[in-house]
Amino acid sequence: MSETYRISNDQIQDQNTAAQASLQDDFDHLGMQLARRGISIEEITREAQGFAVALPSWGVGTGGTRFGRFPGIGEPRDIFEKLEDCAAVQQLVRCTPTISLHIPWDRPDDPAELRERAAHLGISFDAINSNTFQDQPEQALSYRFGSLTHTDATVRQQAIKHNQECIEVGQQLGSTALTVWIADGGNFPGQLDFRGALGRYIDGLREIYSVLPVDWRMFLEHKFFEPAFYSTVNNDWGTSYLCAAELGDQASCLVDLGHHAPNVNIEMIVARLIQFGKLGGFHFNDSKYGDDDLDSGSIHPFQLFLVFHELIGAHRDDASFAPAYMLDQSHNVTDPIESLMTSAMEVQRAFVQALLVDRKALAEHQGANDAIMALGTLRAAYQCDVSPILAMARLRSGGAIDALGLYRKSGYRSKKGVERPSDGVSSAGIV
Ligand code: RM4
Ligand code: MN
Ligand code: MN
């Protein structure tokens, strides 16, 4: 493979050197403020450095809507170029060391070669996503009327096999999880036999689960609507929980923040799934209406903080609690790399803010039914500007103090525009 442009460590160091003194001032000042609250900024910074969220391979391309897609320049044309973009994100933000693949969009001809290339770029592989929501050119049977829940057993078998193949590919790459999201559902009352469809879904999942390696996890992702507009087979966290419980310990639920009706209390769903041992992972994004797939933290940052408040509480109760964190977004009007960098940093911000909650005080206020002080305790953490901690974590991990500024200054995108003339095909970006 010929050498392509990469941001150099010298560029990062030069920019950091120029910004370091002011960062140190801000960091020290925040450190004093936090010390007054009994919090060690050094400890929080170490925790921030340990935080990681996976990048979605499909997120490095420009997305679109069902009305259109407006491609940007220098979009990745294959999985190797997607890896390269993910590596650029990781190089600057240092909290995105893994990539989550979507098969067949990213099916490698030679998994060993892909794994080696990824290792060279400092990236490893997170959960593998199966795709039975589209028909592929080489595919024998159509998913038009469903996949795992189709009324025709031969279509169901094809979907089961595809998921099993995803596990095989994942094993060759070093993944240890499979995420199953199906688009199956109905557009009209009467179209689906609700109980029949759910029964077929569980049966299909069982066959996939039966070949799951012992060290793997299987995530069931629910979504309340779209592409089906009347009923969806795995439509909510309760259904997802019931199905995961049918399968066994290696199966759990994945919460995509965009897959809920507006105003649903997602942090409470998170707490419920934690309580019953079935919270497996997240797809982070943000939304105003439905599955908008907007950038994390752009619409409901307080909700994101509240979700992390639940997650950190669970981790304090049981140190082995470690759900998988992934971004799942569609970048329609921005440079995808910029959206992924800022989103990863916003998710990390919510995590760090939630670390600051005075849990002892909160429990006391809850015990005394003091709602104002309870909310105030959360606010004291949420309203703290932890930017210096995030920047210091990046600096100490070898990333950029000002990740976005450096990315823009590097001219990465226009250089990729020259290196990657458009071939008119893009398997990146969801439509
Ligand atoms: C779905 C869902 C899945 C993702 C696809 C591309 O809405 O969120 O996780 O794989 O989109
Ligand atoms: Mn998702
Ligand atoms: Mn989605």
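The first residue in the sequence is number 1, and the count goes up from there. Both ligands and their constituent atoms are indexed starting at 1 by order of listing. All values derive from a computational prediction rather than experimental measurement.
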Check your understanding: Taking both backbone and side chain into account, is any N, O or S atom of His283 nearer than 2.8 Å to the Mn ion (ligand 3)?
Key ->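 False for His283.
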
Side chain, backbone, both or neither: which applies to [X] and ligand 1 if a contact is any heavy-atom pair less than 4.0 Å apart?
X	answer
Glu226	neither
Asp328	side chain
Thr179	neither

Which atoms of ligand 1 are found less than 4.0 Å from any heavy atom of [X]?
X	result
Asp256	8 (O)
His283	9 (O)
His102	4 (C), 6 (C), 10 (O)
Asp291	7 (O)

Practice item. Nearest 10° is fine: what angle sits at the Mn ion (ligand 2) between OD2 from Asp256 and OD2 from Asp328? Key: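 Between OD2 of Asp256 and OD2 of Asp328, at the Mn ion (ligand 2), the angle is about 90°.
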
Exercise for review: Say whether Asn129, considering both its backbone and side-chain N or O atoms, lies within less than 3.5 Å of an N or O atom on ligand 1.
Suggested key: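 No; the residue has no nitrogen or oxygen that sits under 3.5 Å from a nitrogen or oxygen of the ligand.
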
Review point. Would you say ligand 1 has an N or O under 3.5 Å from any N or O of His259?
Key: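 So ligand 1 has an N or O lying under 3.5 Å from an N or O of His259.
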
Review point. Parallel, tilted or perpendicular for His259 and Trp181, by the 30°/60° rule?
Key: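 If you compare the ring of His259 with that of Trp181, the planes turn out tilted.
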
Practice item. Measure the acute angle between the ring planes of Tyr407 and Tyr412, then classify it against the limits of 30° and 60° as parallel, tilted or perpendicular. Key: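 Tyr407 vs Tyr412 ring planes: tilted.
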
Practice item. Decide side-chain hydrogen bond (donor to acceptor under 3.5 Å, both in side chains) for Ser410 and Gln11; before the verdict, give the C-alpha distance in whole Å, the side-chain angles of both, and the deciding distance to 0.1 Å. Key: CA-CA 8 Å; Ser410 74; Gln11 281 168 283; 5.2 Å; no

Point to revise | Test side-chain hydrogen bond (donor to acceptor under 3.5 Å, both in side chains) applied to Asn285 and Asp293, step by step | key: CA-CA 5 Å; Asn285 51 52; Asp293 281 318; 3.3 Å; yes

**Study point:** Close aromatic pair by centroid cut-off 6.0 Å: Phe282 and Phe308
**Key:**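 No: the rings miss the under 6.0 Å criterion.
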
Review point. Got a sec, which pairs hit ring pair (Phe, Tyr, Trp, His ring centres under 6.0 Å) with one end in residues 287-306, sequence neighbours left out?
Key: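 Qualifying pairs: Phe302-Phe305, Phe302-Tyr382, Phe305-Tyr382.
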
Review point. The Mn ion (ligand 2) is nearest to which N, O or S atom of Glu221?
Key: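 Looking at Glu221, the N, O or S atom with the least distance to the Mn ion (ligand 2) is OE2.
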
**Study point:** Rounded to 10 degrees, the angle OD2 of Asp291 makes with NE2 of His259 at the Mn ion (ligand 3)
**Key:**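 Output for this angle: 100°, rounded to tens.
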
Review point. Taking atom types as modelled and ignoring hydrogens, do the side chains of Arg200 and Thr151 form a donor-acceptor contact shorter than 3.5 angstrom?
Key: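 No pair is found: no donor N or O on one side chain lies under 3.5 Å from an acceptor on the other.
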
Review point. Do Gln329 and Ser343 have side-chain N/O donor and acceptor atoms under 3.5 Å apart?
Key: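 Yes, a side-chain donor-acceptor pair sits under 3.5 Å.
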
Review point. Got a donor-acceptor contact below 3.5 angstrom from the Ser287 side chain to the Gly290 backbone?
Key: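 Present.
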
